[in-house]
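Taking it in order: structure first as structure tokens, then the write-up.
Proteins come first, then strands; the chains are lettered A, B, ... in the order of their sequence lines, and each starts at number 1.
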Amino acid sequence: MESLPNRYHPNEIETKWYTVWEKAGFFLPRHPQTGKPIVCDSASKLPSQKPYTIVIPPPNVTGVLHMGHALNNTLQDILIRWRRMQGVPTLWLPGVDHAGIATQNVVEKKLAKANQTRHALGREKFVEEVWKWKEEHGSTIVKQLRMLGASCDWSRERFTMDEGLSRAVRETFVLLYERGLIYRGDYIINWCPRCQTALSDEEAVHQEIEGALYQIKYPVEGTGGFISLATTRPETMLGDTAVAIHPKDKRYQHLRGKKVILPLVKRVIPVIEDEFVDPEFGTGIVKVTPAHDPNDFELGIRHGLERINVLNPDGSINEKGGPYQGLDRLSARKKVVEDLKAQGLFEGEKRHLHAVGHCYRCHTIVEPYLSKQWFVKMKPLAQKALKAQSEGKVVFLPSRWTKVYTGWLENIRDWCISRQIWWGHQIPVWYCVGDETCLLECKQPIVSREDPKKCPACGSTRLRQDPDVLDTWFSSWLWPFSTLGWPRQTSDLRYFYPTSTLITAQEIIFFWVARMIMAGLELVGQVPFHTVFIHGTVRVEGGKKMSKSLGNVIDPLEMIDEIGADALRFSLVMLAATDAFLSREKFELGRNFTNKIWNASRFVFTHLEKDRPKLTSGFWDHEEKLSTIDKWMLAELDQAILETTECLEACRFFDAANIVYHFFWHSLCDWYLELVKPVLMQDAPSERKQAVLSVLTFVLERSLRLIHPFMPFLTEEVWHLLKERVQGDEVSGETLMYAPWPSAQTKGKFKREQEKVNLFQEAVTGIRDLRARLGLKPAERVGDVYMTAKSENVQKAVSEFREEICFFARVDRLTVREKLKKEVGMVGRVYHDLEIFVGGLSEDGLKKEAERTENKISELEQLVCSIDRRLQNEDFRAKAPDEVVSAERERKKNFEEQLASHRENLQLFR
RNA sequence: GGGCGAUUAGCUCAGUCGGUUAGAGCGUUCGGUUCACAUCCGAAAGGUCAGAGGUUCAAGUCCUCUAUCGCCCACCA
């Protein structure tokens, strides 16, 4: 057997295993009885057992893996691998989102480098270019997910613009249109002048900026007087069609029914009264621009005002803006202010903090803009989604996110779904542009699942499809069922829908999670998933979000290259229990753990070289061959198994990782491995050695299973190395991926052993502490170490460990207190009812120990005092549960005994 | 402006039903490498649980207020 390097080198091992797994089809869901892959629309019978399904939050096709993805997908992979090991048919369905605006931007940028524009190219050619780009670069993130170890079923990989999903999008649009849930109309939407498209409310991100509040004067018609009003966007006055006051505002009663002259454009506009106006804000008079402000738009409807759109799609002033035509909105703002100043109508400006919408993509300030768009009527959908939650059909974890979800749904507004871009699902609506005489009848748009050939009204074949495409999220919200074949009733849809768990970040609860729930309920009639787990946001140290634009990224791919995917995964889970602040150093945690597992395994292997012992759980039938420490080890393993399972069930990833970490490192390596070393070092074969090897290999093997969901590559590698070195059916099968998830077997029957070892550990720690404090070198033989124990039980337990304690601290005699009194230079420490003494001390050492003991005594005295106070309280005795009261009494007794021992010891030292 | 969350060791965070002397990792200090791993082992030090009230026999834990920080949402021009 070749010798293994003393450090773990992950790179080749990870590549090797991923290839093996994928080729072998291990990621496909499997029939629990036959073990055969479950293929979509297969003729074979579906299992009766409920599957475990996760659909991936599809990353953008333009994306590269960042830490957020790494965390998100690690958590999904942990659940999937864990359930797979439990023998559940498990599907993790991967895919990629076409990311309309983002992708279009990327390709446009590429064209710009070649001095090209999409307009010059034309729509058809441009879309071809995007597809070409997608073929070349679109699988980047998918490859990176593989590097992370994601055990997705790649045979089911989907793309939001592939044929099936496009059909689902069309079906949805038509269905919702038929149900009266999609409509088209002129409304104020968020317009990004740079992307030149409408955005949904969620895509217009409010950010606080420091603007100015400008106060200006409008002359009142026919009176020679003026009114003052305040605005943050003076240039929009070009589109004013009224000014408004509060009907009860005493200051402005004289303005009722009056008209004002709009400066610069000289338009005469009415003074209207509306409750909406807040008399407290500004001057109490507000300019009304129905085409450029959502409130003013509503005002305009109530008062029948004209809507004058003064902006071009690129944000410049259009012909309605007279002399300002052609100026960008911000230049126009300056010019308007200047001109007002020149005319003496400007009354000043003051700094003003306010939240302004920014394009989520390019961060340009968006303009409220009047235009004709398609909308989804959200209230009816939201009702269903709220009901599903209140009935417990969807559960959010951690539960506080529930309120975020319901709060949004309760205040939902209609969803603007049309986008004026070219990359995406073109809206399945056609308009007849044929026969002029037919125009009246043909005004009705043709909304169709199939491309229509002719106008159903006039028969004209001159049809024009709506040029807009749908919001990317209009395909994403169908993801949990469109990927399974919907609207076709595939076997996948029947078997895997609804899915089990959705794992995602907080940012897309509105964009995606809530909308998926609405779509699932409306279109399939069931929630798309039962549990939504929201994980923390990954940030860099200092608190900023980690993002490419801030240049503060810790690249997960670099980390994989340096320390391996397993180490990255484990570190992330340990670090990102809540919102996490990361730094490169923190990833050492995972790296060190991989190395620890590697080396512990290597150590075990060195003792397996000779005879390829049988790895068996058979020792359960021969308990008499197991020592206390063996039984303790097995009990610890079981505890780790139970706790890890419990945590995974509750999506408590950090706790689960923490448990396996401590179990492996501290219980297995620091205690068990160290304790059995002397046995293993013996050259001669012995029954004891056999027993130890059995337990050791068994525990190692079970640990590998337990750790596998977190660190799949390393555990698979070590598992195979172990397999080569032992015999027996405990290590069978081709892969650890399908090794059954461990179950507890000791069922508490080694409780006594656990208690004994805990006591022993305390004793050993005490001895080490003493030795360290006394400055004894490890090899230095000191006088004697004595142990005394008051109760017989403890005495027995301790004598059982004489051998082990010798190994650490040389217990030469087990004796009793009486004998000790005769010795000189003793120092002692008390552990419950166990005492340890070391002899042969200097004067100085004795003095220090006396001081320590005095401190300890006063600490204990205080404790006893406070317990006493409690016990003397009548209310406590009367109202506290009996077991609490008796526990207090017990504690007091304990402390008093310790106190007595320490006092006696103090005498010894003096 | 509204909502949510946080505040516990030098740092990052656990702490479940209110009940033992409040825990871990990192960092620090001290000691240690022939015998798997210095990416290691052993030990220690380190806490007014943000502050103030309240409920309770009992509060890190429940309630109220205050302060600071973070996040999300929002059409006061």
Side-chain angles (χ1 to χ4, degrees), chain A residues 4 6-8 188 201 206 213 229-233 236 244 276-278 280-289 293-298 352 354-355 357 368 398 400-401 403-404 407-408 411 506-507 509-510 537 539 541 543 545 563 567 574-575 577-583 585-586 588-589 591-607 650 652 654-655 658 661-662 669-670 673-674 677 681 764-765 768-773 775-779 808 859-860 862-863 866-867 870 873-881 883-885 887-888 890-891 894-895:
Chain A
L4 302 167
N6 67 351
R7 287 186 185 183
Y8 175 58
I188 297 275
D201 293 330
H206 281 84
L213 192 60
L229 51 80
T231 178
T232 53
R233 292 182 298 153
T236 63
F276 160 77
V277 180
D278 176 4
E280 304 291 314
F281 189 89
T283 61
I285 303 180
V286 58
K287 59 192 271 312
V288 183
T289 323
D293 184 280
N295 294 310
D296 295 4
F297 178 78
E298 296 295 326
H352 183 62
H354 59 152
R400 71 187 133 93
W401 295 110
K403 238 179 137 175
V404 176
W408 185 71
N411 301 300
Q506 165 265 119
E507 299 103 76
I509 292 179
F510 306 142
T537 306
R539 298 196 173 80
E541 232 144 21
K545 246 184 219 180
I563 63 171
M574 290 287 274
L575 296 169
T578 56
D579 288 4
F581 302 94
L582 297 181
S583 63
E585 300 77 55
K586 287 186 178 172
E588 287 173 11
L589 165 72
R591 182 203 55 182
N592 294 353
F593 192 39
T594 56
N595 201 52
K596 190 69 184 175
I597 295 171
W598 178 254
N599 273 297
S601 308
R602 218 160 54 87
F603 173 72
V604 175
F605 294 162
T606 58
H607 297 284
R652 290 166 56 168
F654 164 79
D655 292 334
N658 213 15
Y661 179 86
H662 279 98
C669 294
D670 289 348
L673 230 43
E674 291 303 332
K677 256 181 189 172
M681 295 300 174
V764 169
T765 304
R768 288 168 178 168
D769 178 25
L770 277 175
R771 295 186 66 98
R773 283 212 324 279
L776 304 176
K777 295 267 180 277
F808 279 99
E859 201 180 295
L860 282 165
Q862 276 175 31
L863 266 167
S866 78
I867 296 172
R870 203 171 304 164
N873 185 332
E874 266 177 52
D875 282 333
F876 175 71
R877 291 200 307 270
K879 292 181 185 170
E883 60 273 20
V884 172
V885 178
E888 282 302 290
E890 193 58 32
R891 280 178 63 212
N894 259 325
F895 290 142

Pick base, sugar-phosphate or nothing for A:Asn873, based on heavy-atom distances below 4.0 Å to the nucleic acid. sugar-phosphate

Is the phosphate of B:A77 approached by A:His352 (side-chain N or O, under 4.0 Å from OP1 or OP2)? yes

Whether the A:Arg602 and A:Asn599 side chains hold a donor-acceptor pair (N or O, under 3.5 Å, no angle test) is what I'd like checked. yes

Within the sub-3.5 Å range, which N or O atoms of nucleotides 15-19 of chain B have a protein N or O partner, and how far apart are they?
none

Test item: A:Phe895 and A:Ile867 side chains (from C-beta on) under 4.5 Å apart, heavy atoms: yes

Is there side-chain contact between A:Gln506 and A:Val404, with heavy atoms separated by less than 4.5 Å? no

Specify the residue among A:Val286 and A:Leu673 whose closest nucleotide of RNA chain B lies further upstream toward the 5′ end. A:Leu673

Does A:Lys677 place a side-chain N or O at less than 4.0 Å from the phosphate oxygens OP1/OP2 of B:A36? yes

Confirm from the modelled atom types if A:Asp875 and B:C57 form a donor-acceptor pair under 3.5 Å, side chain to base only. no

For A:Arg591, does its backbone N or O pair with a side-chain atom of A:Asn595 as donor and acceptor, under 3.5 Å? no

Find which nucleotide of RNA chain B each of A:His354 and A:Thr594 is nearest to by heavy atoms, and output the residue with the more 5' nucleotide. A:Thr594

For B:C57, decide between syn and anti, treating a glycosidic angle within 90° of 0 as syn. anti

Same-atom distance (C1') from B:G51 to B:A59, integer angstrom: 16 Å

Nearest-angstrom distance, C1' atom, B:A43 to B:A50: 33 Å

Atom C1', compared across B:C49 and B:A9: separation rounded to whole Å: 11 Å

May I ask you to evaluate whether A:Asn599 reaches the phosphate of B:U39, defined as a side-chain N or O under 4.0 Å from OP1 or OP2? no

What distance, rounded to whole Å, do you find between the two C1' atoms, one in B:A14 and one in B:G60? 12 Å

The side chain of A:Lys586 lies closest to which of these nucleotides: B:U12, B:C75, B:C40? B:U12

Separation of the C1' atoms in B:G25 and B:G15, to the nearest angstrom: 15 Å

Looking at every strand, decide which applies to A:Met681 at a 4.0 Å heavy-atom threshold: base, sugar-phosphate, or nothing. sugar-phosphate

Dot-bracket pairing map - RNA chain B, Watson-Crick plus G-U, both contacts under 3.5 Å, | cross-strand: (((((((..((((.....[...)))).(((((.......))))).....(((((..]....))))))))))))....

Under the rule for side-chain hydrogen bond (donor to acceptor under 3.5 Å, both in side chains), what residues qualify as partners of A:Thr236, not counting sequence neighbours? A:Lys287

Identify all pairs in which a protein N or O lies below 3.5 Å from an N or O of nucleotides 23-25 of chain B, and state each distance.
| from | atom 1 | to | atom 2 | distance (Å) |
| --- | --- | --- | --- | --- |
| B:A24 | O2' | A:His662 | NE2 | 3.4 |

If we take the P atom in both B:G19 and B:G3, what is their distance in whole Å? 31 Å

Look for any protein N or O under 3.5 Å of an N or O in nucleotides 4-6 of chain B and output each such pair with its distance, or none.
| from | atom 1 | to | atom 2 | distance (Å) |
| --- | --- | --- | --- | --- |
| B:C4 | OP1 | A:Lys403 | NZ | 3.0 |

Roughly how far apart, to the nearest Å, are B:U20 and B:U61 at atom P? 14 Å

Indicate the atoms forming the closest heavy-atom contact of A:Leu213 with A:Thr232, along with that distance. CD1-CG2, 3.7 Å

Partners of A:His662 by side-chain hydrogen bond (donor to acceptor under 3.5 Å, both in side chains), sequence neighbours excluded? A:Asn658

Are A:His206 and B:C75 close enough that a side-chain N or O sits under 4.0 Å from OP1 or OP2? yes

When the C1' atoms of B:C41 and B:G5 are considered, how many whole Å apart are they? 40 Å

Under 4.0 Å: is that the gap between some side-chain N or O of A:Arg7 and OP1 or OP2 of B:U39? yes

May I ask you to say what A:Phe510 touches in the nucleic acid, namely base, sugar-phosphate or nothing, with a heavy-atom cut-off under 4.0 Å? sugar-phosphate

Across the strands shown, which category fits A:Gln506 at heavy-atom distances under 4.0 angstrom: base, sugar-phosphate, nothing? sugar-phosphate

Cation-pi between A:Lys677 and A:Phe603: NZ/CZ under 6.0 Å from ring centre and within 45° of the ring axis? yes

Proximity to the side chain of A:Thr231 - top-ranked nucleotide from B:U39, B:C41, B:A77: B:A77

